[in-house]
Amino acid sequence: MDLLHNIHEPRDLRKLSPQELDALAEEIRRFLITTVSKVGGHLGPNLGVVELTLAIHRIFDSPKDTIVFDTGHQSYVHKLVTGRQNFDTLRQQGGLSGYPDRGESVHDVVESSHASSSLSWAEGISRARQLNGENDRWTVVVIGDGALTGGMAWEAINNIAADRNRKVVIIVNDNGRSYAPTIGGLADHLASLRQTIDKVRTHRAYEGTLDWWKGRLQNGGVPGQMVYKGLHAAKKGIKDWWAPQGLFEDLGMKYIGPLDGHLMQHLEEGLLQAKNFEGPVIVHAMTEKGRGYAPARAHEEDQFHAVGVINPETGLPRDEPGAQSWTSVFGEEIAKIADERPDIVGITGAMLIPVGLKEMATRHPDRVIDVGIAEQHALTSAAGLAFGGLHPVVALYATFLNRAFDQLLMDVALHKAGVTIVLDRAGVTGPDGASHHGMWDMALVQSIPGVHVAAPRDADRLREELREAVNVNDAPTVVRYSKGSVGKEIEAIRRLHDGVDVLSETNLDGADAKDTPFTEEADKNGQNPSHERDVLLVAVGSFAELALDVAERLRAQGITSTVVDPRWVLPVPRSIIALAARHRIVVVLEDGVRAGGVGSRIRQEMRSAGVDTALNEVGLPTEFLAHGTRSQVLEKAGLTPQKIAQDTLAQVLGTKVPFARPLPGHGIPTGQIPQL
């Protein structure tokens, strides 16, 4: 049967029989395995929510009812049943986003893929519905058990539960393997009885009767109050034995479940009960990540949470293993450091494997702490560990540092805590889009007093700078690196006294300047060569290779240059300022936002030192950049060697601002700009 192609909008699902729904669920799984294996994406989570998504769209009326997916990586099935079935370009430039996207559909609401925020969205949306008198609209949230480890989720639940008339249905998609559902005849019998009980408990008449008896007994003097307390305690004890409610009911919310997340009838009955209650309800659905795909179910690490291009039959990667990844270099080195130093403690936010702490955890399980999706807690806890005499290493995706800025500023930096923050996926990450690009980190930390920031250009520098970072015990240190494979090793011509690496130099004749090297000490003593070079290229991290390419293009046009890697971009090394004074223009290349980035900080330090050399910040625009490959995103932002060299040449020739300092005895030149 080809049912999926006949589903153009959610209401089409309501025409299907139970047998057709089961067939559609299997068809969707085959579709996901076939298409995602070709392009990569979040396969395991979506295989686990097929029936759940179909049930939601049959019971609720999107977009009149608002459906919010926490994180959004489990929204592929939602896309399919809302008219988006061309997955050939999923997560590719110009194609479907891997997350909800308002530009794609009116059925998508929350685009940010940062976890644990969905319930706050639901609180705000449902409150707006109330204030606008839209009492026939529900707000439905799908949140994973992992996302409930985030404190923000509980802050929102506290507010949602305070209003018993709020039309919010919170669906907990529980696919944690530690929550295996019980099986057997007795369990099945109890499950069927529990559904009957849930129907009674979520009926408004039941609530009204309870309120009436509560009022009568509590107003009946001491005897009545004692009877009420006894009956209430007995009711709660029996209920918790029969179907544990946990702290949801302690917060005043109704709880339905646990439900079999792959049985359509149970899901629809539970969701309908929740809808008819017309108040805040938790629906607990037990699902299997990777459902229906044996390779995913057998994958111990994350059950194919996210995959690259794979063989759909075997689940094995189609591409041969490439160069070593930045993450694996960090993982190996931090494990070695932990072997040597018992004070090193690793902290991760529910991402032990993705951030590279697995090897350290294997060797030192008592010294790697998974705090869940709780970056704020991670940073403040790290400050406490530092106070206790340890050196914590907090490993995060760069985009998630945004959530812990206050803790880094006030708990770590203010207290001069020796904490190392390792930021994976810094800069442009590619196919996961705007909320996953790690492009904000350097601008965020610029204003933090005392912070040290390293940006390694290759694997050897990552190992080196990580070791330097964990040796700082009186200030926070940040080590940030890109996503994907580490590039080739880039050796320096020499290292200046403050740690800056000089990668290349050309004199006026175009030859390498090895015979007359610049040194800051010689500059102070007036012993450096008298001539200036044209361009100082300051390369941040993995942009070192880009800077060397630009230098070669400028050399071909007779433009002299020096390429340096600061290694530690904060504090700004003094040799960078001294070099800036001996060049006609400084060009800073960074894979973060230009606004408030490294280039702007170097400019400020130059002005404070009385250096008036022109400076051009070359980095990412202050925009939300769409998904695509890393090279596609960088090209669209103008960060290609050809474009940078073209602009720099124009600045040296004086036809584009900022103008390079004129040569002695010359005014600002004008002329035709050659094509590079």
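Numbers for residues simply follow the sequence, beginning at 1. This structure is a prediction, so every number in the text was calculated from the model and none was measured.
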Do [X] and [Y] pair up side chain to side chain, a donor and an acceptor below 3.5 Å, judged on atom types alone?
{"X": "R129", "Y": "T66", "value": "yes"}
{"X": "H284", "Y": "D174", "value": "yes"}
{"X": "Q265", "Y": "E269", "value": "yes"}
{"X": "S113", "Y": "T71", "value": "no"}
{"X": "T362", "Y": "E359", "value": "no"}
{"X": "D424", "Y": "T327", "value": "yes"}
{"X": "Q130", "Y": "N165", "value": "no"}
{"X": "T287", "Y": "H262", "value": "no"}

Give a yes or no on whether the backbone of [Y] and the side-chain of [X] come within a donor-acceptor separation of less than 3.5 Å.
{"X": "S117", "Y": "H114", "value": "yes"}
{"X": "Q303", "Y": "G44", "value": "no"}
{"X": "Y76", "Y": "V36", "value": "no"}
{"X": "D145", "Y": "N175", "value": "yes"}
{"X": "D101", "Y": "S97", "value": "no"}
{"X": "R297", "Y": "G290", "value": "no"}
{"X": "Q85", "Y": "I7", "value": "yes"}
{"X": "S485", "Y": "S325", "value": "no"}
{"X": "T89", "Y": "Q92", "value": "no"}
{"X": "Q74", "Y": "F69", "value": "no"}

Nearest heavy-atom neighbours spanning [X] and [Y]:
{"X": "H78", "Y": "H107", "result": "NE2-O, 3.4 Å"}
{"X": "A153", "Y": "L148", "result": "CB-CD2, 4.2 Å"}
{"X": "D2", "Y": "H5", "result": "OD2-ND1, 3.0 Å"}
{"X": "D22", "Y": "M264", "result": "OD1-CG, 4.2 Å"}
{"X": "A115", "Y": "I373", "result": "CB-CD1, 3.7 Å"}
{"X": "T429", "Y": "G438", "result": "CG2-N, 4.1 Å"}

For this session: From the options D65, V77, D12, T82, select the one residue that forms a side chain to side chain contact (heavy atoms under 4.5 Å, CB included) with H57.
Result: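 Exactly one option meets the side chain to side chain contact (heavy atoms under 4.5 Å, CB included) with H57, and it is T82.
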Between F304 and the options N46, L47, L43, the side chain to side chain contact (heavy atoms under 4.5 Å, CB included) test singles out L43
The salt bridge (Lys or Arg N to Asp or Glu O under 4.0 Å) partners of R29 (sequence neighbours excluded) come to E26, E51
### Task
Kindly write out the residues that satisfy salt bridge (Lys or Arg N to Asp or Glu O under 4.0 Å) with R84, not counting sequence neighbours, or none if the list is empty.
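Scan of R84 (salt bridge (Lys or Arg N to Asp or Glu O under 4.0 Å), adjacent residues dropped) gives E104, D108.
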Is [Y] close to [X] at the side-chain level, that is, under 4.5 Å between some pair of heavy atoms?
{"X": "I256", "Y": "I282", "result": "no"}
{"X": "H299", "Y": "E301", "result": "yes"}
{"X": "R127", "Y": "R166", "result": "yes"}
{"X": "L267", "Y": "L54", "result": "no"}
{"X": "L80", "Y": "L4", "result": "yes"}
{"X": "S62", "Y": "R11", "result": "no"}
{"X": "V169", "Y": "V283", "result": "yes"}
{"X": "V39", "Y": "R91", "result": "no"}

TODO: Begin from the C-alpha positions of S37 and V307 and carry the test side chain to side chain contact (heavy atoms under 4.5 Å, CB included) through to its verdict.
DONE: CA-CA 8 Å; S37 66; V307 297; over 6 Å; no
Open item on the list: As a quick check of understanding, evaluate side chain to side chain contact (heavy atoms under 4.5 Å, CB included) for S126 and R137, giving each step before the final call.
Closed with: CA-CA 8 Å; S126 61; R137 303 181 70 177; over 6 Å; no
[atom1]/[X] to [atom2]/[Y] distance, rounded to the nearest 0.5 angstrom?
{"X": "H8", "Y": "L13", "atom1": "NE2", "atom2": "CG", "result": "11.5 Å"}
{"X": "I157", "Y": "S120", "atom1": "CD1", "atom2": "OG", "result": "9.5 Å"}
{"X": "D441", "Y": "R425", "atom1": "CG", "atom2": "CZ", "result": "14.0 Å"}
{"X": "L271", "Y": "L52", "atom1": "CG", "atom2": "CG", "result": "7.0 Å"}
{"X": "K358", "Y": "L352", "atom1": "NZ", "atom2": "CG", "result": "8.0 Å"}
{"X": "I170", "Y": "S118", "atom1": "CD1", "atom2": "OG", "result": "8.0 Å"}

Contacts of H73 meeting ring-ring contact (aromatic ring centres under 6.0 Å, His included) (sequence neighbours excluded), chain-then-number -> H42, H305
Note to self: side chain to side chain contact (heavy atoms under 4.5 Å, CB included) for W121 and V141? Distances and angles first, verdict last.
What the structure shows: CA-CA 9 Å; W121 274 96; V141 178; over 6 Å; no
Centroid-to-centroid, Y99 to H436, below 6.0 Å? yes
Do [Y] and [X] meet the salt-bridge criterion of a basic N to acidic O distance under 4.0 Å?
{"X": "D88", "Y": "K38", "answer": "no"}
{"X": "D136", "Y": "K64", "answer": "yes"}
{"X": "K15", "Y": "E20", "answer": "no"}

Note to self: Show, in sequence, the C-alpha distance, side-chain angles and deciding distance for I28 and L3, and conclude whether the side chain to side chain contact (heavy atoms under 4.5 Å, CB included) test is met.
What the structure shows: CA-CA 9 Å; I28 287 174; L3 295 167; over 6 Å; no
Given the ring of W138, does K275 sit roughly above its face, with NZ or CZ under 6.0 Å from the centre of the six-membered ring and within 45° of the axis?
yes
